[in-house]
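This report refers to the structure that appears directly beneath it.
The first residue of the sequence shown is numbered 1, and numbering continues consecutively from there.
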Amino acid sequence: MTQAEQPETRDEALEATVAAYLQRHPDFFEHHPEILITLRIPHPTGDAVSLIERQVRALRQELDTERQRLGQLIARAREYESLSTRLHALVLRLIAINDPEQLCERLRETLLQEFRADAVTLRLFPLDPEAATTDPLTAAFKDFLARKHALCGPLDADKAEVLFGEAAASVRTAALVPIRTAERSGVLAIGSSDPERFRPELGTDLLDRLGEIIAHKLSAVTIERCGRD
(Lines give C-alpha, C1' and ligand atoms only; values in the text may rest on other atoms or scores of the structure.)
Protein backbone atom coordinates (compact mmCIF):
# COMPACT_ATOMS: atom_id res chain seq x y z
CA MET A 1 0.00 0.00 0.00
CA THR A 2 1.43 3.38 -1.04
CA GLN A 3 1.24 6.57 1.05
CA ALA A 4 -1.10 8.10 -1.55
CA GLU A 5 -3.60 5.27 -1.01
CA GLN A 6 -3.62 5.43 2.77
CA PRO A 7 -5.85 8.56 3.28
CA GLU A 8 -8.46 7.22 0.86
CA THR A 9 -8.41 3.85 2.58
CA ARG A 10 -8.83 5.45 5.99
CA ASP A 11 -11.78 7.53 4.71
CA GLU A 12 -13.43 4.44 3.25
CA ALA A 13 -12.97 2.58 6.51
CA LEU A 14 -14.43 5.49 8.47
CA GLU A 15 -17.43 5.69 6.11
CA ALA A 16 -18.02 1.97 6.54
CA THR A 17 -17.88 2.36 10.31
CA VAL A 18 -20.38 5.26 10.25
CA ALA A 19 -22.71 3.36 7.90
CA ALA A 20 -22.61 0.27 10.10
CA TYR A 21 -23.31 2.35 13.20
CA LEU A 22 -26.33 4.05 11.59
CA GLN A 23 -27.68 0.68 10.48
CA ARG A 24 -27.45 -0.61 14.04
CA HIS A 25 -29.05 2.60 15.39
CA PRO A 26 -31.80 3.62 12.96
CA ASP A 27 -33.23 6.06 15.54
CA PHE A 28 -29.96 8.04 15.75
CA PHE A 29 -31.34 11.14 14.01
CA GLU A 30 -34.42 11.13 16.22
CA HIS A 31 -32.09 11.82 19.13
CA HIS A 32 -29.89 14.24 17.14
CA PRO A 33 -32.20 16.23 14.81
CA GLU A 34 -29.72 19.13 14.71
CA ILE A 35 -27.34 16.91 12.73
CA LEU A 36 -30.03 15.83 10.29
CA ILE A 37 -30.84 19.46 9.49
CA THR A 38 -27.25 20.11 8.38
CA LEU A 39 -27.03 17.08 6.10
CA ARG A 40 -27.42 17.29 2.33
CA ILE A 41 -29.32 14.28 1.03
CA PRO A 42 -29.62 13.92 -2.80
CA HIS A 43 -32.90 12.93 -4.40
CA PRO A 44 -33.12 10.98 -7.69
CA THR A 45 -35.08 13.69 -9.49
CA GLY A 46 -32.56 14.70 -12.17
CA ASP A 47 -32.18 18.43 -12.57
CA ALA A 48 -35.47 19.13 -10.77
CA VAL A 49 -35.47 20.08 -7.09
CA SER A 50 -37.75 17.85 -5.07
CA LEU A 51 -40.41 19.21 -2.75
CA ILE A 52 -38.64 17.61 0.19
CA GLU A 53 -35.41 19.39 -0.71
CA ARG A 54 -37.24 22.72 -0.96
CA GLN A 55 -38.77 22.13 2.45
CA VAL A 56 -35.39 21.26 3.92
CA ARG A 57 -33.88 24.44 2.49
CA ALA A 58 -36.72 26.51 3.90
CA LEU A 59 -36.29 24.88 7.29
CA ARG A 60 -32.56 25.57 7.24
CA GLN A 61 -33.16 29.23 6.40
CA GLU A 62 -35.72 29.47 9.17
CA LEU A 63 -33.32 27.82 11.59
CA ASP A 64 -30.53 30.22 10.63
CA THR A 65 -32.86 33.17 11.21
CA GLU A 66 -33.91 31.87 14.61
CA ARG A 67 -30.29 31.27 15.56
CA GLN A 68 -29.46 34.87 14.68
CA ARG A 69 -32.40 36.13 16.75
CA LEU A 70 -31.38 33.95 19.67
CA GLY A 71 -27.82 35.22 19.39
CA GLN A 72 -29.06 38.82 19.49
CA LEU A 73 -31.23 38.11 22.52
CA ILE A 74 -28.36 36.45 24.35
CA ALA A 75 -26.06 39.39 23.52
CA ARG A 76 -28.64 41.89 24.81
CA ALA A 77 -29.19 39.87 27.96
CA ARG A 78 -25.47 39.77 28.64
CA GLU A 79 -25.18 43.51 28.02
CA TYR A 80 -28.12 44.13 30.34
CA GLU A 81 -26.60 42.01 33.08
CA SER A 82 -23.22 43.68 32.68
CA LEU A 83 -24.71 47.17 32.76
CA SER A 84 -26.80 46.30 35.81
CA THR A 85 -23.65 45.19 37.61
CA ARG A 86 -21.84 48.40 36.67
CA LEU A 87 -24.75 50.54 37.83
CA HIS A 88 -24.60 48.77 41.16
CA ALA A 89 -20.92 49.66 41.36
CA LEU A 90 -21.81 53.28 40.56
CA VAL A 91 -24.26 53.35 43.46
CA LEU A 92 -21.58 52.16 45.85
CA ARG A 93 -19.25 54.91 44.66
CA LEU A 94 -21.91 57.62 44.90
CA ILE A 95 -22.69 56.74 48.50
CA ALA A 96 -19.30 58.02 49.62
CA ILE A 97 -19.41 61.32 47.67
CA ASN A 98 -20.80 64.45 49.33
CA ASP A 99 -19.03 67.13 47.31
CA PRO A 100 -21.18 68.49 44.41
CA GLU A 101 -18.26 68.86 41.99
CA GLN A 102 -16.96 65.38 42.68
CA LEU A 103 -20.46 63.95 42.34
CA CYS A 104 -20.95 65.69 39.01
CA GLU A 105 -17.59 64.55 37.67
CA ARG A 106 -18.10 60.95 38.75
CA LEU A 107 -21.56 60.85 37.16
CA ARG A 108 -20.30 62.24 33.86
CA GLU A 109 -17.26 59.97 33.68
CA THR A 110 -19.22 56.85 34.56
CA LEU A 111 -22.17 57.50 32.27
CA LEU A 112 -19.98 58.44 29.31
CA GLN A 113 -18.06 55.21 29.72
CA GLU A 114 -20.79 52.76 30.65
CA PHE A 115 -23.32 53.96 28.06
CA ARG A 116 -20.68 54.55 25.36
CA ALA A 117 -22.04 58.08 25.15
CA ASP A 118 -20.62 61.32 23.78
CA ALA A 119 -22.38 63.84 26.00
CA VAL A 120 -24.03 63.85 29.43
CA THR A 121 -26.08 66.64 30.96
CA LEU A 122 -27.94 66.82 34.27
CA ARG A 123 -30.18 69.85 34.76
CA LEU A 124 -32.43 70.52 37.74
CA PHE A 125 -34.72 73.45 38.42
CA PRO A 126 -37.67 74.42 40.63
CA LEU A 127 -41.08 74.05 39.08
CA ASP A 128 -43.04 77.27 39.23
CA PRO A 129 -45.16 79.21 36.72
CA GLU A 130 -42.50 81.88 36.15
CA ALA A 131 -39.75 79.35 35.39
CA ALA A 132 -41.94 77.70 32.76
CA THR A 133 -41.78 80.89 30.68
CA THR A 134 -38.34 82.30 31.51
CA ASP A 135 -36.12 79.22 31.65
CA PRO A 136 -35.55 77.60 28.20
CA LEU A 137 -35.01 74.14 29.66
CA THR A 138 -38.17 74.26 31.77
CA ALA A 139 -40.18 75.50 28.82
CA ALA A 140 -38.78 72.84 26.50
CA PHE A 141 -39.23 69.91 28.87
CA LYS A 142 -42.17 70.80 31.10
CA ASP A 143 -44.29 68.09 29.46
CA PHE A 144 -41.48 65.54 29.75
CA LEU A 145 -41.26 66.01 33.51
CA ALA A 146 -44.66 64.39 33.95
CA ARG A 147 -43.31 61.12 32.56
CA LYS A 148 -42.66 58.20 34.87
CA HIS A 149 -40.23 56.46 32.54
CA ALA A 150 -37.17 57.40 30.53
CA LEU A 151 -37.46 58.22 26.85
CA CYS A 152 -35.07 57.06 24.13
CA GLY A 153 -34.73 58.07 20.49
CA PRO A 154 -33.77 60.94 18.19
CA LEU A 155 -33.75 64.42 19.74
CA ASP A 156 -34.93 67.48 17.83
CA ALA A 157 -32.37 70.21 17.24
CA ASP A 158 -33.85 72.80 19.62
CA LYS A 159 -33.98 70.47 22.62
CA ALA A 160 -30.55 69.07 21.81
CA GLU A 161 -29.15 72.62 21.78
CA VAL A 162 -30.73 73.43 25.14
CA LEU A 163 -29.32 70.28 26.71
CA PHE A 164 -25.95 69.76 25.06
CA GLY A 165 -24.90 73.18 23.77
CA GLU A 166 -22.07 72.96 21.24
CA ALA A 167 -22.04 69.16 21.47
CA ALA A 168 -25.62 69.02 20.17
CA ALA A 169 -24.49 68.93 16.53
CA SER A 170 -22.98 65.46 17.00
CA VAL A 171 -25.83 63.97 19.06
CA ARG A 172 -28.01 61.66 16.93
CA THR A 173 -29.92 59.83 19.66
CA ALA A 174 -30.39 60.38 23.38
CA ALA A 175 -31.77 58.84 26.53
CA LEU A 176 -33.76 61.32 28.63
CA VAL A 177 -34.29 60.30 32.24
CA PRO A 178 -36.73 62.27 34.43
CA ILE A 179 -35.26 63.27 37.78
CA ARG A 180 -37.57 64.18 40.67
CA THR A 181 -36.65 65.17 44.19
CA ALA A 182 -38.81 66.65 46.93
CA GLU A 183 -38.14 70.23 45.82
CA ARG A 184 -36.88 70.06 42.24
CA SER A 185 -37.34 68.26 38.97
CA GLY A 186 -35.13 67.95 35.96
CA VAL A 187 -33.68 65.75 33.27
CA LEU A 188 -30.63 63.57 32.89
CA ALA A 189 -29.70 63.46 29.20
CA ILE A 190 -27.25 60.93 27.76
CA GLY A 191 -26.43 61.67 24.13
CA SER A 192 -24.70 59.59 21.47
CA SER A 193 -23.46 60.18 17.93
CA ASP A 194 -24.52 56.60 17.12
CA PRO A 195 -28.05 56.68 15.62
CA GLU A 196 -28.63 53.13 16.89
CA ARG A 197 -27.36 53.63 20.44
CA PHE A 198 -30.63 54.79 22.05
CA ARG A 199 -33.39 53.36 19.90
CA PRO A 200 -37.02 54.17 20.76
CA GLU A 201 -37.73 50.49 21.49
CA LEU A 202 -34.87 50.23 23.97
CA GLY A 203 -35.94 49.01 27.40
CA THR A 204 -35.87 51.76 30.01
CA ASP A 205 -36.03 49.87 33.30
CA LEU A 206 -32.30 50.34 34.01
CA LEU A 207 -32.53 54.01 33.04
CA ASP A 208 -35.54 54.44 35.34
CA ARG A 209 -33.59 52.83 38.15
CA LEU A 210 -30.66 55.13 37.42
CA GLY A 211 -32.96 58.14 37.71
CA GLU A 212 -34.21 56.97 41.10
CA ILE A 213 -30.65 56.46 42.31
CA ILE A 214 -29.56 59.94 41.24
CA ALA A 215 -32.69 61.58 42.66
CA HIS A 216 -32.07 59.90 46.00
CA LYS A 217 -28.48 61.15 46.06
CA LEU A 218 -29.53 64.67 45.11
CA SER A 219 -31.76 64.84 48.16
CA ALA A 220 -28.50 65.09 50.15
CA VAL A 221 -26.18 66.88 47.70
CA THR A 222 -27.27 70.02 45.85
CA ILE A 223 -26.49 70.24 42.13
CA GLU A 224 -28.21 72.64 39.77
CA ARG A 225 -26.52 71.47 36.59
CA CYS A 226 -23.89 68.99 35.50
CA GLY A 227 -22.36 68.82 32.06
CA ARG A 228 -22.61 70.96 28.94
CA ASP A 229 -20.60 73.90 30.35
Side-chain angles (χ1 to χ4, degrees), residues 75-127 131 135-138 140-141 144-145 147-155 159-199 202-229:
R76 290 179 183 177
R78 288 175 177 170
E79 181 180 4
Y80 180 97
E81 181 179 3
S82 176
L83 182 56
S84 179
T85 300
R86 296 195 298 270
L87 285 180
H88 177 70
L90 172 62
V91 173
L92 297 180
R93 291 193 294 267
L94 292 182
I95 290 175
I97 300 177
N98 293 313
D99 179 77
E101 292 186 4
Q102 291 182 6
L103 178 61
C104 176
E105 187 63 22
R106 179 54 59 89
L107 278 175
R108 291 188 68 254
E109 289 180 353
T110 302
L111 296 179
L112 286 172
Q113 177 181 352
E114 302 301 348
F115 284 94
R116 303 192 301 276
D118 299 293
V120 171
T121 296
L122 172 64
R123 292 288 300 273
L124 297 170
F125 40 85
L127 283 181
D135 180 66
L137 182 67
T138 309
F141 290 94
F144 170 79
L145 298 178
R147 293 182 59 91
K148 294 183 179 180
H149 302 288
L151 181 66
C152 296
L155 196 61
K159 291 184 178 180
E161 174 67 25
V162 170
L163 287 172
F164 300 113
E166 295 181 357
S170 63
V171 172
R172 302 290 301 279
T173 56
L176 304 182
V177 184
I179 304 294
R180 283 181 290 272
T181 67
E183 299 178 353
R184 296 171 296 167
S185 293
V187 57
L188 170 66
I190 309 172
S192 174
S193 58
D194 182 357
E196 298 296 320
R197 184 66 192 95
F198 296 109
R199 300 181 305 276
L202 187 69
T204 63
D205 49 341
L206 281 180
L207 292 170
D208 296 337
R209 193 181 310 170
L210 175 63
E212 294 176 359
I213 292 169
I214 294 176
H216 181 76
K217 186 62 182 180
L218 292 178
S219 64
V221 180
T222 301
I223 293 180
E224 294 298 335
R225 66 169 57 188
C226 181
R228 177 181 171 178
D229 297 333

Give me the atom names and distance for the closest heavy-atom approach of [X] to [Y].
X      : Y      : result
Ala119 : Leu112 : N-CD2, 3.5 Å
Ala117 : Ile190 : CB-CG2, 3.5 Å
Ala150 : Pro178 : CA-CD, 3.8 Å

Would Ser192 and Phe198 satisfy side chain to side chain contact (heavy atoms under 4.5 Å, CB included), going step by step from the backbone distance to the final call?
-> CA-CA 8 Å; Ser192 174; Phe198 296 109; 3.8 Å; yes

Atom pair [atom1]/[atom2] of [X] and [Y] - distance to nearest 0.5 Å:
X      : Y      : atom1 : atom2 : value
Asp194 : Arg199 : CG    : CZ    : 9.0 Å
Leu107 : Ile214 : CG    : CD1   : 5.0 Å
Leu176 : Leu207 : CG    : CG    : 10.0 Å
Leu155 : Leu163 : CG    : CG    : 6.0 Å
Arg108 : Gln113 : CZ    : CD    : 13.0 Å
Cys104 : Asp99  : SG    : CG    : 10.0 Å

Under 3.5 Å: donor-acceptor pair, side chain of [X], backbone of [Y]:
X      : Y      : value
Thr173 : Glu196 : no
Arg209 : Thr204 : no
Arg106 : Leu103 : no
Ser170 : Asp118 : no
Lys217 : Ile97  : yes

Inspect the surroundings of CZ in Arg172 and state if more than 12 heavy atoms from other residues, nucleotides or ligands are less than 6.0 Å away.
-> no

Check Glu101, Glu109, Gln102 against Glu105 for a side chain to side chain contact (heavy atoms under 4.5 Å, CB included) and give me the one that passes.
-> Glu109

Leu124: which of Leu218, Leu188, Val187 passes side chain to side chain contact (heavy atoms under 4.5 Å, CB included) | Leu218

Apply the test side chain to side chain contact (heavy atoms under 4.5 Å, CB included) to residues Phe115 and Leu206: give CA-CA distance (whole Å), side-chain angles for both, the deciding distance (0.1 Å), then the verdict.
-> CA-CA 11 Å; Phe115 284 94; Leu206 281 180; 6.0 Å; no

With side chain to side chain contact (heavy atoms under 4.5 Å, CB included) as the test, would you mind laying out the steps for Leu210 and Leu111 before giving the verdict?
-> CA-CA 10 Å; Leu210 175 63; Leu111 296 179; 3.8 Å; yes

Decide yes or no for Arg197 and Pro195: does some side-chain heavy atom of the first lie under 4.5 Å from some side-chain heavy atom of the second?
-> no

